[in-house]
Amino acid sequence: MKTSYIFLADGFEEVEALTSVDVMRRAGMPVTTVSINPGLEVTGAHGVTVMADSLFDDNDYSDAEWLVLPGGVPGAPNLAAHEALCDALVAQDDRGGKIAAICASPSVVFAPLGLLQDRRAVCYPGMEAMIEGIKWDKVPVAVDGNVVTGNGPAAAAPFALTLVEQSLGRDKAVEVANGMLLTY
């Protein structure tokens, strides 16, 4: 299976990022965390510092399973300001590759890049971008083709399980959920 990449910037929402890493790895998916900082240390929005697996320039994203963005403020704006990451997201979408974002990132990163144009999506309530052509929904997790979006921290587990389901099927997602005592 191809590697999935979860991008971390200072101010990232810890529960969204780490739940995605944990759930995807429980499913047997190869996941690499990526710091867009100059070093591997990344501090989340609530003061939790983690060591990413790699730096942005250490990876080739052209054959990724997923490119995943947690939310958080200022995490999402920091991700949006990283030009090479934005280029990788657009290239992944252009080739039909899977992209996912949760919380502030759908609105702050994906929407301005045109990645949600004419698609159904969700984001943190109140952060819906004033961009025409996005079908903002009111569910915790939205799937539209190769794009998955989540609305916030409470959706972290369903968001991550949806990524598993999109890659490995519903049975695998349910198996992982059951092992975590979650209903999916």
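Panel note: side chain N78, backbone D10; a donor-acceptor pair is recorded below 3.5 Å. Judged purely by atom type and a 3.5 angstrom limit, N37 uses its side chain to pair as donor or acceptor with the backbone of E41. In this structure a side-chain-to-backbone donor-acceptor pair under 3.5 Å is missing from R119 to G145.
Taking all atoms of both residues into account, the shortest heavy-atom contact from T162 to P158 is OG1-O, 2.7 Å. Across all their heavy atoms, S105 and L79 have their closest contact at OG-CD1, 4.0 Å. Contact record, P74 with P77: O-CD, 3.2 Å, taken as the closest heavy-atom pair. The shortest heavy-atom contact between T33 and A52 is OG1-CA, 3.4 Å. The two residues F110 and L69 make their nearest non-hydrogen contact at CE1-CD1, 3.7 Å. Nearest heavy atom pair, residue S35 against residue V42, reads OG-CG2, 3.5 Å.
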Apply the test side chain to side chain contact (heavy atoms under 4.5 Å, CB included) to residues Y184 and R170: give CA-CA distance (whole Å), side-chain angles for both, the deciding distance (0.1 Å), then the verdict.
CA-CA 9 Å; Y184 181 73; R170 179 134 183 103; 3.1 Å; yes
I would like to know whether F7 and F12 meet side chain to side chain contact (heavy atoms under 4.5 Å, CB included); could you show each step before the answer?
CA-CA 9 Å; F7 297 91; F12 73 95; over 6 Å; no
What do the steps show when you test E165 against K172 for side chain to side chain contact (heavy atoms under 4.5 Å, CB included), and what is the final call?
CA-CA 7 Å; E165 179 177 356; K172 185 54 137 180; over 6 Å; no
Please determine whether side chain to side chain contact (heavy atoms under 4.5 Å, CB included) holds for the pair L116 and T149, giving the CA-CA distance in whole Å, both sets of side-chain angles, and the decisive distance to 0.1 Å.
CA-CA 10 Å; L116 300 180; T149 52; 4.2 Å; yes
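Rounded to the nearest 0.5 Å, atoms OG (S54) and CG (L8) are 9.0 Å apart. How far SG of C86 is from NE2 of H82: 9.0 Å, rounded to the nearest 0.5 Å. Atoms CD and CE, from E65 and M24 in turn, are 7.5 Å apart once rounded to the nearest 0.5 Å. Summarising the geometry, atom CD belonging to Q166 is positioned 8.0 Å from atom CG belonging to L163; distances are rounded to the nearest 0.5 Å. Once rounded to the nearest 0.5 Å, the distance linking CG of D137 with CZ of R120 reads 4.0 Å. The distance from atom OG1 of T32 to atom CZ of R25, rounded to the nearest 0.5 Å, is 7.0 Å.
In the hydrophobic cluster analysis, where Ile, Leu, Val, Met, Phe, Trp and Tyr join through side-chain heavy atoms closer than 4.5 angstrom, V148 is grouped together with I6. Put simply, L85 and L40 are part of two different groups of oily side chains (I, L, V, M, F, W, Y) that touch within less than 4.5 Å, one to the next. Under the 4.5 Å side-chain heavy-atom criterion for grouping Ile, Leu, Val, Met, Phe, Trp and Tyr, F159 is connected to V143 within one hydrophobic cluster. Hydrophobic clustering, with ILVMFWY side chains joined whenever heavy atoms are under 4.5 angstrom apart, groups L18 together with V176. V48 and I36 fall into different hydrophobic clusters, where Ile, Leu, Val, Met, Phe, Trp and Tyr are joined by side-chain heavy atoms under 4.5 Å apart, directly or via other members.
Side chains of L115 and L89 form a contact here, defined as non-hydrogen atoms less than 4.5 Å apart. Residues S62 and R95 are in side-chain contact: their nearest non-hydrogen atoms beyond the backbone lie under 4.5 Å apart. Residues P153 and E16 form a side-chain contact, since some pair of their non-hydrogen atoms from C-beta on lies under 4.5 Å apart.
Residue Q117 qualifies as enclosed at atom CD: its count of foreign heavy atoms under 6.0 Å is above 12. Within 6.0 Å of CE in M1 there are more than 12 heavy atoms belonging to other residues, nucleotides or ligands.
Between Y5 and Y61, the ring-plane angle classifies as perpendicular under the 30° and 60° cut-offs.
Ion pairing between K138 and E128 holds under the 4.0 Å rule for side-chain N and carboxylate O.
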